[in-house]
Amino acid sequence: MPLKETGFSMQKTPYVPGAIEEKWQRVWKEQGVCRAQLDPSTPKYYVLEMFPYPSGNIHMGHVRNYCIGDVIARTKRMQGYNVLHPMGWDAFGLPAENAAIKHHVHPAAWTYSNISTMRSQLMRLGYSYDWDREIATCRPEYYRFEQEFFLKLYEKGLIYRKKAPQNWCPSCMTVLANEQVIEGKCWRCDSTVEQKELTQWFVKITAYADELLSDLPLLANGAWPDRVLAMQKNWIGKSIGCQVTFPLEKPVEGADSITVFTTRPDTLFGVTFMTLAPEHPLVPLLIKDSPNFEAINAFITKIRNMDRLDRQSETLEKEGIPIDVFVLHPITKKRIPIWLGNFVLASYGTGAVMGVPYGDQRDFEFAKKYDLPIIPIICPETGIPDPQTCAMSDPGTMINSGQFTGMPSEEGKEAVTRELERLGLGKKSVQYRLRDWNISRQRYWGAPIPMVYCESCGLVPEDPAHLPIVLPLDIQVRPDGKSPLPEEESFYATRCPRCGKPARRETDTMDTFMESSWYFARYTAAREEKAAFNPEALEYWLPVDQYIGGVEHAILHLLYARFFTKALRDLGIYPKTLREPFSHLLTQGMVLKEGSKMSKSKGNIVNPQEMIDRFGADTVRLFCLFAAPPERDFDWSDSGIEGASRFLARVWRLYTETQEHCLPLRALQATAADAKTKEATALRRKEHTTVQKVSEDMGDRFQFNTAIAAIMELVNDMYGVKDNLAAVGDTVFSSAMATVLTVLFPIAPHIAEELWEKTGHTSSLTKERWPEIDPQALVAEEKTIVLQVNGKVRQTITVPASSTEEELKTLALNNPTIVRHIQGKTVRKVIVVPDKLVNVVAG
RNA sequence: GCGAGAGUGGCGGAAUUGGUAGACGCACUGGACUUAGGAUCCAGCGGCUUACGCCUUGGGGGUUCAAAUCCCCCCUCUCGUACCA
């Protein structure tokens, strides 16, 4: 090599991450290597990380999330896929308004400035995003299509308006969807949520409850984490049962019966009372003539005034009051007293339950407390439990159940339902826990709802030609947090799209989860102006092949997006065959510090920017992937990141110390003929086994930590031969060097590119294909065999790869160590596991 | 209570189909180089034992020639969820 001649080029250049990273980020940008093109002739791969809220700065959680996505994107590109890997901003939402109030800036200015900061932070990490497809949901170019979808969903009856008690966050000054209330508190600010009766816009997600549930198996078998599937299933909460109508003994005006929902119609003959929620709509009618009215009313008031959390706590004692009204058992016609109970929820089922103390723990407790009769109605195989001490819910044979006595209770469910249907007093019924999605928000920084209130025409949808209904930006936010829109005449004053008379615009805005329910599809044609999507692009790119994000969206965003996908498909907007938006989901673990979540109040924040400045982007990327498998939480370790930095410096030094021997070869280019010595063959084999391991770990299993460990091993082996290169030969060594750089590229792309260039390559690693191993190169001429006696390892021996089972057996039985261990014993059996071990069973 | 997951050295973690437990890294110890070292290199690093060996994957049983891995019982932790009739 001519380099050898000049002392100057022999100088060892130090590893300066900052400069290298800036250089390659510029090159990649200029060459547009991350741009995705629609190309039906190439298999596509759509990898997506949950887009961030532009809160100000990226945090370690973001970094970890996007590192995982970027390695997958870069690896898939090298494996020949046409990869879509976009990024954008979930840009509407409350923090912008809060910041506006606090810092006297406009929410839009705050948001756009954060986006610009965070965008450059992401760019500084070298993520391979197709920035041409960047979106921000707060731009009219984006939300105009959401307004379009709103109108279409409204037209189809999937959006409606109703008055109902709503979750109200007093601190955020807005309502929340059920999914946004976590243990009775606001998901964002942790304030206790209150109930408020309001008229709101709802998305009829319940219309898809069944499909949202029945399609979950499409995501099973590891495609989505089991716990996310379980959470979705529980949230939807499907119960199959029966609605049973109990006629009132004395009908009142407007009602002659009360209907309950039960999953246990087989226990119908065990009913000894009925319990209504205090909020049940018939209660006022039923109690108005009661001699006990005062006491009953006091009870209702007491329950209603209880804090929601306290009322639903499991430790709350069951409490009730009889209302001196009776219903008749639908089959036996027996008189059954009606009670009000604090444990009955008005919002589930019919707000009324039949009381079967023998078959239900709650009813049992209630009956014991108020001394109500308990009738055994099911006999399990183990015999009838004592009805006074024990409530049971096991299946068995029905007893004391009229014509059903003797029937297995599982059959009885069906049989009793049929009988009730025959009598016109019941029907099969399915209940869901899932409620419709309240999407109205009484805040400013959100997408306007495209509806108009007209005095003559009533509620009128906007004319699609008027879209977008633009959120006015020349508005001051109010210091009290209330939306300024209802007072902003320039916004609300409009004309009725139907009759043209002056009318008032809806001033609530949409829940921001509306925007995130379809953003992934917008990326497929982000610059399309006339329509939200381009059918050809949707057809090609959807669904997202790999979605990556935090588990905190297990229900919220992931449920809404699944719903939206199904709804837009049925509107003819998405491809007919599209069933699920995200075919694979990876929920990455949190980045902790000192065992707990990073937070300002704890003061345990690790600032990514500081780490990048100190160690470089490649080191930060490497460490995030090496510290733990992606699903697991990991604790940030300052010495751990130094280890990662040390490894990259070691790779750099490996090059600088061997540079005069490094030829511009490609990964795995050395052939068997190039490996002329034992050392060379061994290194070449290590090179191939490394690629095999890294391909599996990175391409299939997403176990980046072990992939990196494998690369480290190869580098360690290269260190082992670097002072003896004559024995290995430059070709074999250079091939190994090329392999290290190629497989390291998705993880630490900048240093890999720089060294790739330094080793004399003229084209970028972005053009390189993932190396394919030669199975021949994996075959060793020798192998290590473990010798065991009675399952205990006694010796390991190295034998020629060609050794037969018989030869191994002989070797084992004659091995001195083995002979010593079987001395005085009889050899009963010898087990030979090819290529692995020989176990001598002796006793 | 129900649902999901996890328990392996001082620490993060590895062991993909039952086949050498502890790969790789961190921390630590000793040595080399050095004016110096928080740089780098070499060696060591689960416990007990002078050694031969013995013990060791939360605990206890079992299956097997062989178990971190499969089966049964129990314990602990994390997350989710809960009067859902």
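To find a chain, count down the sequence lines: A is the first, B the second, and so on, and within it residues start at 1.
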Checklist entry - How many Å lie between CZ on A:F634 and P on B:G13, as a whole number? => result 10 Å
Next on the checklist: Before you tell me yes or no, could you show the steps for A:F343 and A:F366 under ring-ring contact (aromatic ring centres under 6.0 Å, His included), namely the whole-Å CA-CA distance, both residues' side-chain angles and the distance that decides it to 0.1 Å?
Outcome noted: CA-CA 10 Å; A:F343 63 94; A:F366 197 75; 5.4 Å; yes
Item to check | Nucleotide paired to B:A6 in any strand shown, Watson-Crick or G-U, under 3.5 Å | outcome: B:U76
Checklist outcome for this item: By nearest-nucleotide position on RNA chain B, the 5'-leaning member of A:N839 and A:S637 is A:S637
Next on the checklist: Any strand counts, and the cut-off is 3.5 Å on both contacts for Watson-Crick or G-U wobble. Which nucleotide pairs with B:A23?
Outcome noted: none
Checklist entry - Contact class for A:T350 (heavy atom, under 4.0 Å): base, sugar-phosphate, or nothing? => result nothing
Checklist entry - Does atom NZ of A:K428 have more than 12 heavy-atom neighbours, drawn from other residues, nucleotides or ligands, at distances under 6.0 Å? => result no
Checklist entry - How is A:V356 classified with respect to the nucleic acid when contacts are heavy atoms under 4.0 Å: base, sugar-phosphate, or nothing? => result nothing
Checklist outcome for this item: A:R646 atom CZ is separated from B:C24 atom P, nearest whole Å, by 15 Å
Checklist outcome for this item: Of B:A85, B:G53, B:U16, the nucleotide closest to the side chain of A:E696 is B:U16
Checklist entry - Under 4.0 angstrom, heavy atoms only, what part of the nucleic acid is A:R828 near: base, sugar-phosphate, or nothing? => result nothing
Next on the checklist: Among B:U16, B:C84, B:G53, which nucleotide has an atom closest to any side-chain atom of A:H821?
Outcome noted: B:G53
Checklist entry - Which part of the nucleic acid, if any, lies within reach of A:N716 when heavy atoms closer than 4.0 Å are counted: base, sugar-phosphate only, or nothing? => result sugar-phosphate
Item to check | Among B:A14, B:A4, B:C41, the one nearest A:R227 by side-chain distance | outcome: B:A4
Next on the checklist: Just confirming the chi classification of B:G9, syn or anti, using 90° around 0 as the syn window.
Outcome noted: syn
Item to check | C1' gap between B:C75 and B:C83, integer Å | outcome: 29 Å
Item to check | Between B:U16 (P) and A:R701 (CZ): distance, integer Å | outcome: 8 Å
Item to check | Watson-Crick or G-U counterpart of B:U81, or none if no pair lies under 3.5 Å | outcome: B:G1
Checklist entry - Could one point to a donor on the side chain of A:K693 or the base of B:U16 with an acceptor on the other under 3.5 Å away? => result yes
Next on the checklist: Students often get this wrong, so: under 4.0 angstrom with heavy atoms, is A:G643 touching a base, only sugar-phosphate, or nothing?
Outcome noted: sugar-phosphate
Checklist entry - Looking at the side chain of A:Q703, which of B:A85, B:A14, B:C83 is the nearest nucleotide? => result B:A14
Item to check | Interatomic distance at P, B:G22 relative to B:U57, whole Å | outcome: 14 Å
Checklist entry - Which whole number of Å gives the distance between the C1' atom of B:A68 and that of B:A6? => result 13 Å
Checklist entry - Does any donor atom in the side chain of A:N716 or A:R650 lie under 3.5 Å from an acceptor atom in the other side chain? => result yes
Item to check | Base paired to B:A36 (Watson-Crick or G-U; both N/O distances under 3.5 angstrom) | outcome: none
Item to check | A:V793 side-chain proximity, nearest of B:A15, B:A21, B:C24 | outcome: B:A21
Checklist entry - Contact class for A:D635 (heavy atom, under 4.0 Å): base, sugar-phosphate, or nothing? => result nothing
Checklist outcome for this item: pair_partner(B:A15), Watson-Crick or wobble, both distances < 3.5 Å, evaluates to none
Item to check | Residues A:E410 and A:K413 bridged, charged N to O under 4.0 Å | outcome: yes
Checklist entry - Considering heavy-atom distances to RNA chain B, does A:S239 or A:A627 have its closest nucleotide positioned more toward the 5' end? => result A:A627
Item to check | Atom pair distance, as rounded to whole Å: CZ in A:R632 and C1' in B:U8 | outcome: 11 Å
Checklist outcome for this item: Nearest heavy-atom contact between A:F261 and A:I240 is CZ-C, 4.4 Å
Next on the checklist: I want to verify a distance call: between B:A14, B:G80, B:A85, whose nearest atom is closest to the A:M231 side chain?
Outcome noted: B:G80
Next on the checklist: Between A:K369 and A:E317 (salt bridge meaning N to carboxylate O under 4.0 Å), is one present in this structure?
Outcome noted: yes
Checklist entry - Side chains of A:E179 and A:W235: donor-acceptor distance under 3.5 Å anywhere? => result yes
Checklist entry - Rounding to a whole Å, what distance do you find between A:F343:CZ and B:G1:P? => result 22 Å
Next on the checklist: Just to be sure I understand the rule, does A:P629 reach a base, reach only the sugar-phosphate, or reach nothing, if contact means heavy atoms closer than 4.0 Å?
Outcome noted: sugar-phosphate
Next on the checklist: Does A:V841 reach a base, just sugar-phosphate, or nothing at all? Heavy atoms under 4.0 Å.
Outcome noted: sugar-phosphate
Item to check | Per A:D697 side chain, nearest of listed nucleotides B:C54, B:C84, B:U16 | outcome: B:U16
Checklist entry - Considering only the C1' atoms, how many Å lie between B:A23 and B:A36, rounded to the nearest integer? => result 36 Å
Next on the checklist: At 4.0 Å (heavy atoms only), tell me whether A:R820 reaches a base, stays on the sugar-phosphate, or touches nothing.
Outcome noted: sugar-phosphate
Item to check | Sugar-phosphate only, base, or nothing, as touched by A:Q788 at under 4.0 Å among non-hydrogen atoms | outcome: base
Checklist entry - Could you give the CD1-to-P distance, from A:I831 to B:A67, as a whole number of Å? => result 12 Å
Checklist entry - In terms of side-chain heavy atoms of A:F626, which of B:G25, B:A4, B:C55 is nearest? => result B:G25
Item to check | Gap between atoms CZ and P, on A:R64 and B:G12 respectively (whole Å) | outcome: 14 Å
Checklist outcome for this item: Looking only at B:C41, B:G13, B:C54, the nucleotide nearest the A:R650 side chain is B:C41
Checklist entry - Which one is paired to B:A43, where only Watson-Crick or G-U wobble pairs with both distances under 3.5 angstrom count? => result B:U29
Checklist entry - What is the distance, rounded to the nearest whole Å, between atom CH2 of A:W235 and atom C1' of B:U81? => result 9 Å
Checklist outcome for this item: Pairing partner of B:C70, by Watson-Crick or G-U wobble and under 3.5 Å for both distances, is B:G62
Next on the checklist: Can you identify which nucleotide, out of B:A4, B:C65, B:A23, has its nearest atom closest to the A:A230 side chain?
Outcome noted: B:A4
